[in-house]
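See below for the structure under consideration.
Naming convention: chains lettered A, B, ... in sequence-line order (proteins, then strands); numbering from 1 in each chain.
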Amino acid sequence: MTYNHKFIEKKWQKYWDENEIFKTDDFIDKPKYYILDMYPYPSGSGLHVGHPLGYIATDILARYKRHQGYNVLHPMGWDAFGLPAEQYAIKTGTHPSITTKENISNFKRQIKMLGFSYDWTREINTTDPGYVKWTQWIFIQLYNKGLAYEAEVPVNWCPELKAVLANEEVIDGKSDIGGHPVLRVPMRQWMLRITNYAESLLSGLDDVDWPHSIKELQRNWIGRSEGTKVLFELPSISKHLEVFTTRQDTLFGATYIVIAPEHPLVEDLLIEDQKTLVKNYIEEASKKSDLDRIELNKEKNGVFLGSYAINPVNGKEIPIWISDYVIMGYGTGAIMAVPGEDERDWEFATKYDLPIIRTVEPSKDFSGGAYTGDGPAINSEFLNGLYIDEAKEKMASWLEDNKKGERTVQYKLRDWLFSRQRYWGEPIPIIHKDGKPQVLKESDLPLELPDVEKYEPSGTGESPLSNIKNWVEVKDDSDNIIALRETNTMPQWAGSCWYYLRYLDPSNDEKAWDSEKEKYWMPVDLYIGGAEHAVLHLLYSRFWHHVLFDLGLVSTKEPFKKLFNQGMILGQDGSKMSKSRGNVINPDETVETYGSDSMRIYEMFMGPLDKAKPWSTTGLQGCSRFIKKLWSVLVDDEGVLSSNVIEKKDDKETLQALNMMIKKISDNLDQIQFNTCVSEFMIFTNHIQKLESINIDTIRSFIIIMNPFMPHLAQELWELIGETNELTYQAWPDYDKDLVISDEIVIPIQINGKRRSEIHISANESESEVIAKAKSDDKIVSYLKNTTIIKEIYIKGKILNIVIKQ
RNA sequence: GCCGCGGUGGUGGAAUUGGUAGACACGCUGGUCUUAGGAACCAGUGCCUUAUGGCGUGAAGGUUCGAGUCCUUUCCGCGGCACCA
C-alpha cells in the first residue's frame, strides 16, 4: 500500500485537535521554552509557500524541545488591523471586521493543514475588544509616563492613500505600500518619545543573541554619534547659535555657517537686501517632496542670509547661509562648514566661492578636495601637530573651559509618529476637553470603534471617525462640558508591540497579563520571522518592552533573547514570488498533491533557513519520493508493519548509522540547520533499505527523531509499531558516544600536501602503525623513491601528510 | 558614498570550523521491468585527458606540512542606510 498522505494527515490533525495534545500549562515543573513566530497579517489572498517557512522551522524546534522535556509555549495569532481590509471596505462597503474574520479563517485553515503544534487555546486577535482594551491601556501607561504627546509636525502625507505615513513607511520618497508620492505637510499628530530610549535600545542590543546584521541595522537606525555643541555668537542680533559637530578639531577651518531653511533664527538673521532671494528659496524648499529632495541631491543650493557669526576659537566673522542640505530634524539644524575636511561643505564652498582652510595635513599622495583622513592638525594654533582623536579631545576641553560649547551625544532616531488618519485601527483613548487632552479611565476601556457608513478618509487628513458626531462628542454629566474624542487611530504596529505578552494570559479581563505567568515564561527564548521587520516591529516592540520594564510590569529588559530571520522562498524563476510575475506557488495545491510532510521537509531541505532560495517542484517531488520510500521500507503491501521490522540485535554498522544520525540531527537542530537533518534521514533510510531485517527499537528511535519534521508520518508509524504512549512527549534518544565512530577509518595519505593514496586503519591504531602502513602502500612507495622524508604529520583519525625533498 | 552579508558542479546545496572539496537531492546518461507512457529499482555523473595523469571553491598574491575555510588586494551579486554635520 502506498503512503496515503491525505488520509493519514487528516487523521492525526484531528487527533491532535480533539485531544488538545499541544495545550500548554503554566507553571509546570519542567524547564520552560517560549518559541514564537511573527504572527501574520491575514490578507485576502491567503498564504503562498514562502509564508510558512518560518512556521515550519519553529514547529520542528517546538516539537524537538518537547521531546527534550521542556514545557513549550508555542502560540499563534493574528495581526488583524491594517490598511488592506480598510481599502477593501472603501471599495466594497464590507465592514473590515467581516473581511478580517474571513481572512483569518482561511489563514487558519491553511496553517492547520501543515500540522503545526500550536496551542490554539491561546490564539489572539489584535482587533478583539478584549485585546484592544489592553493595547489602549499600555498607551495610557506611556501617556502617563510622559512618553506620548501631541505635536504639529511635518508629516509624510500621501495624497493617494489619504494617509500620513511613518518615516519607516516611506521608501525613496514613495509610500512603502503602493509606491505613491509622499509630501511633507504639517499636521497635528500623536508622537511617542522613543528618543528617550535611544541609549537604552542601543545598549540592550549587547545582551541579545540576534543576527549580527539586524543588530547593525538597529544601531545604524538609532545612529548614535558623539561630538560637541559649539556656540557661535551672533553680534547682529545679540544671540547665540548652537551648532552640533563631530569634528570640533576642525573649528579653525570653519569658514561659514549653514542653517536649515526651517531654522527659527532665519527670520532674525535675514537682512533686507537678501529678503526676496531667501523667501523664494524657503518656499521652494518647503514645497519639495521627499522625492524631489533626493533627486536634487546631486546639486547643493543655498542662499546667503546677510548676517555673520563669530567663530569662537579665533573671533573671525563668518557668513551665515541657508541650505536644505542641512536638515532641521537632526542636531541643532545648523552646521559649521569646514570645506577642507568635509565633502559636502567643499562642494558648497566651491560653488559659492567661499573660503577653504585646511586644518588637517593631507597625506602626500592626496590630490582631491576635502580631506577626510587622519593627519596632523595645521592652521589650528594650539591644536597644530595633533592627530584627529587628540585634537578632538583638546578642542572639546577648550570649548568647555571657555564656556563656548560642550560635549554631547546625538541620535538619528526620531520620535515615533503614532497616529493614523484611518478607521481600522485601535482608537487612541484620549478625549480633548477645553482643548486639553485627557486619557480615558481604565474602566472606560476598551474604547471600541463605532460603525460608520463611509470608510473613506475625509481627505483633509482627518480620519473617518471625525464624521461620527455622536461618537466624537462626549458629555461629562458632572459639568455638562462637551469633550471631543481623539479621532486618530493607532498604527498597525501597536498591536504587535506586545502580542507576545498576551499569549501568556490571553483571556485575562482584569489585567493585560498575570505577573506570575510573565515571570515564568519570559523572555521569548527564540523568535523567528522575516528580516523585513528589522527596524520596524523589532525596534518598536523593544521600546514598549523597555518602558514596561521601567514601570515594573515585566521582569526582563529585553523581550526576545534569540532572534532568527528566515530567508525568502523565491519563485522557480529565481525572482521574488508575486502575483504579477505569475510565479506564486500555492500551498493548498502542494499539500493536496504531495502532503504537508513532503512540503515541510522540502522547505527545510532547500537550503539554510536564513538564505533566499528558489522553489523547485522537482525538488519537492524528490522529498515526496523519499517519504514514499521510507514508508515502503517499513510498511508492507497490506498496510501493516513490515515483517522485516523485528526484535533482534542490529549489526554494528546499522547501530553506528543510527547513532551517527541521532548525533548529527541533535547538533544540527541546536544550530537551526535543518537542511542537513533531512539529508541524514535520507542517508539512514538508504541504509536500512538495503537490510533484510531491522530492530524495532532502532525504528522506535528513528520515529521519535523524525517526528519534528514529519509528524503525520511519524505518528502513523508509531501506531503501526504498536506504541500507545503519546509520541509528542517521548524522550529524545541519546546517542552512544562509542557508536558514532566507525571501527574502520579511511586515512588519506598526502605527499607534500597532495592526496596520493589512502589506507584503511582501525580506530585505535597508533601513529607509528599508521605511518608504517602508509609507507608500505604501493603508490606511496613509488612516490617516496629516491627522496628524503623531511617531516611526517599525522592528525589522529583524519589525515597523514608526508613532506619530502627530491 | 557608507554599513552588513555572500560568491563552491548543469541546479539547490554539503564540508566535523585549518585536515579526502562536491554529502544529500534535483537534472542528465545508460540499464531492468512495462504493449507504451509514467512510476519503481540498479549503475554512472566536477572539468580536461585514452587507463595513467593534470586542473579545480569569483580573480591575483600571501601565511601554512596542508587553505573553500586565515591575511592582503581586487572584481561581481544581494540587503540596508543615505546630505545625520
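- Under the 30°/60° scheme for interplanar angles, the aromatic rings of A/His533 and A/His537 are found to stand perpendicular.
- Pairs of residues two or more places apart, or lying in two chains, that qualify as salt bridge (Lys or Arg N to Asp or Glu O under 4.0 Å) and include a residue from residues 671-683 of chain A are A/Lys664-A/Glu680.
- The base-pairing partner of B/G4, taking Watson-Crick or G-U wobble contacts with both distances under 3.5 Å, is B/C78.
- Remark: the separation of the P atoms in B/U57 and B/U69 is 9 Å, to the nearest Å.
- Checking each of A/Ile789, A/Thr787, A/Ile802 against A/Ile751 for a side chain to side chain contact (heavy atoms under 4.5 Å, CB included) leaves exactly one that passes, namely A/Ile802.
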Completion exercise
Given protein heavy atoms under 4.0 Å, the one-letter contact record of nucleotides 10-23 of chain B, with B base, S sugar-phosphate only and - none, is simply --BSSS---BB--B

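- For residues 327-338 of chain A, the set of pairs meeting the salt bridge (Lys or Arg N to Asp or Glu O under 4.0 Å) definition, not counting sequence neighbours, is empty.
- Spacing between B/G7 and B/A59 at atom C1', rounded to whole Å, works out to 12 Å.
- The C1' atoms of B/A15 and B/A67 are separated by 13 Å, rounded to the nearest whole Å.
- As rounded to the nearest Å, B/C2 and B/C70 have P atoms that lie 23 Å from one another.
- Summary of the strand contacts: A/Glu343 and A/Cys623 both lie near RNA chain B, and taking for each the nucleotide with the nearest heavy atom, the more 5' one is attributed to A/Glu343.
- Taking every side-chain heavy atom of A/Arg625 into account, B/A40 is the closest of B/A85, B/C41, B/A40.
- The side-chain hydrogen bond (donor to acceptor under 3.5 Å, both in side chains) search around A/Thr408 returns none, not counting sequence neighbours.
- Closest to the side chain of A/Lys629, out of B/C41, B/C65, B/G4, is B/C41.
- The side chain of A/His212 has B/C5 as its nearest neighbour among B/C5, B/C41, B/C24.
- Backbone-only engagement by A/Gly622 is indicated by non-hydrogen atom pairs under 4.0 Å involving sugar-phosphate atoms exclusively.
- A distance of about 16 Å separates the C1' atoms of B/G44 and B/G10, rounded to the whole Å.
- For A/Thr245, the listed nucleotide lying nearest its side chain is B/A85; candidates were B/A85, B/C83, B/G4.
- Around atom CD of A/Gln673, more than 12 heavy atoms belonging to other residues, nucleotides or ligands sit under 6.0 Å away.
- Atom CG in A/Asp345 sits roughly 15 Å away from atom P in B/C83 (whole-Å rounding).
- Side chain of A/Met682, nearest nucleotide from B/A85, B/A25, B/G27: B/A25.
- A donor atom on one side chain and an acceptor atom on the other are found under 3.5 Å apart for A/Lys351 and A/Asn301.
- Take A/Tyr371 and apply the side-chain hydrogen bond (donor to acceptor under 3.5 Å, both in side chains) test, not counting sequence neighbours, and it matches no residue.
- The separation between A/Leu539 atom CG and B/G80 atom P is 17 Å, rounded to whole Å.
- Set against B/C65, B/C3, B/A25, the side chain of A/Lys791 has B/C65 as its closest nucleotide.
- Comparing B/A85, B/C3, B/C83 against the side chain of A/Thr246 picks out B/A85 as the nearest.
- Judged as a side chain to side chain contact (heavy atoms under 4.5 Å, CB included), and not counting sequence neighbours, the contacts of A/Pro355 are A/Thr255.
- For the pair A/Gln218 CD and B/C81 P, the computed distance is 13 Å after rounding to whole Å.
- Residue A/Val326 places its side chain closer to B/A85 than to any other of B/A85, B/G4, B/C81.
- The residue A/Asp667 sits apart from the nucleic acid: no heavy atom pair falls under 4.0 Å.
- With both ends at atom C1', the span from B/G30 to B/U72 equals 49 Å, rounded to whole Å.
- Heavy-atom nearest nucleotides on RNA chain B were determined for A/Glu216 and for A/Gly619, and the one closer to the 5' end corresponds to A/Glu216.
- At most 12 heavy atoms of other shown residues, nucleotides or ligands fall within 6.0 angstrom of atom CD in A/Glu653.
- When the C1' atom is compared between B/U64 and B/C47, the two are found 27 Å apart, to the nearest whole Å.
- Only the P atoms considered, B/G68 is 13 Å distant from B/G18, to the nearest whole Å.
- For B/A67, there is no paired base (Watson-Crick or G-U wobble, both distances below 3.5 Å).
- A/Tyr325 places its OH atom 13 Å from the P atom of B/A85, with the value rounded to the nearest Å.
- Residue A/Ser213 has its side chain nearest to B/G4 when only B/G4, B/A85, B/C83 are considered.
- As judged by a 4.0 angstrom heavy-atom cut-off over every strand, A/Arg224 is placed among residues making no nucleic acid contact.
- Shown here, B/U69 is classed anti by the O4'-C1'-N9-C4 or O4'-C1'-N1-C2 angle, which is more than 90° from 0.
- With a glycosidic angle no further than 90° from 0, B/G9 counts as syn.
- Among the heavy atoms of the strands, none lies under 4.0 Å from A/Ser323.
- At whole-Å resolution of the value, NZ in A/Lys576 and C1' in B/C78 are 13 Å apart.
- Base pairing analysis places B/U20 opposite nothing; no Watson-Crick or G-U wobble pair with both distances below 3.5 Å involves it.
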